[in-house]
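In this chain, residues are counted from 1 in sequence order. Only a predicted model underlies this, so the values are computations on that prediction, with no experimental measurement involved. Worth knowing before you read on, the calculation uses all heavy atoms, side chains too, and leaves out hydrogens, waters and symmetry mates.
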Amino acid sequence: MILLLAEQRLAISEVAAIVSESGETVRRWVQRYEAEGLDGLSDAPRSGKPAKVVAAYRERLVELVRRRPRALDLPFSMWTAARLADRLAEETGLRMSVASIHRLLRSAGLGFGRPQHTISSPDPDYAVKKRLSGF
């Protein structure tokens, strides 16, 4: 908005139409810029409920995902978001939803994928036979 006003010399009504905001909103941002410079364009901290998840929770989630459940003496071989939520609730007392577990994993660059199955055989000629059969 500021650049459109300053460099393009557009009117507030024209800028408002371009950015799909009201003229009052454009004026308010211009006033903030004039009073505080670039710092005035940053969003102010917002009130609200503090985040439940702390860094230690995220770290433990990533640590669990990277370990096989059987290595932790658990009765299953693959993690699901629900199982992770249950395990972390036991450990931390904090119950997170399945959707929140998925979101936290995505933010850590992780996620759930389908398991990859490979077929193998002790037969030393298996690779040749497999190629000949077209599979």
Side chain of Arg27, backbone of Ser22: donor and acceptor closer than 3.5 Å?
-> no

Intermediate values then yes/no, side-chain contact (heavy atoms from CB on, under 4.5 Å), Arg67 and Leu72 | CA-CA 8 Å; Arg67 295 195 63 194; Leu72 300 170; 3.1 Å; yes

Heavy-atom pair with the smallest gap, counting every atom of Thr25 and Glu21 = CG2-OE1, 3.8 Å

Check Gly23 against Ala16 and note the closest heavy-atom contact, atom names and distance.
-> N-CB, 3.8 Å

Are Leu110 and Val98 connected in the hydrophobic side-chain network, where two residues link if heavy atoms are under 4.5 Å apart?
-> no

What is the minimum heavy-atom distance between Ala81 and His102, and which atoms define it?
-> CB-NE2, 3.4 Å

How many angstroms lie between atom CZ of Arg106 and atom CZ of Arg103, to the nearest 0.5 angstrom?
-> 8.0 Å

Can you tell me how far CZ of Arg68 sits from CH2 of Trp79, rounded to the nearest 0.5 angstrom?
-> 12.5 Å

Pair Met96-Leu61, side-chain contact (heavy atoms from CB on, under 4.5 Å): steps then yes or no = CA-CA 11 Å; Met96 298 297 291; Leu61 172 61; over 6 Å; no

Under 4.5 Å between side-chain heavy atoms, chaining through other members, with only Ile, Leu, Val, Met, Phe, Trp and Tyr counted: pull out the rest of the cluster around Trp29, sorted by chain and number.
-> Met1, Ile2, Leu4, Leu5, Leu10, Ile12, Val15, Ile18, Val19, Val26, Val30, Tyr33, Leu38, Leu41

What do the steps show when you test Leu88 against Ile101 for side-chain contact (heavy atoms from CB on, under 4.5 Å), and what is the final call?
-> CA-CA 10 Å; Leu88 286 164; Ile101 295 295; 4.3 Å; yes

Ser100 side chain reached by Lys52 side chain, heavy atoms, under 4.5 Å = no

Hey, is Glu91 close enough to Arg87 for a salt bridge, meaning N to O under 4.0 Å?
-> yes

When you look at CZ of Arg95, are more than 12 heavy atoms from neighbouring residues, nucleotides or ligands closer to it than 6.0 Å?
-> yes

Heavy-atom pair with the smallest gap, counting every atom of Glu63 and Arg60 | OE2-NH1, 2.5 Å

Closest non-hydrogen atom pair, Ser77 against Pro69 | O-CD, 3.6 Å

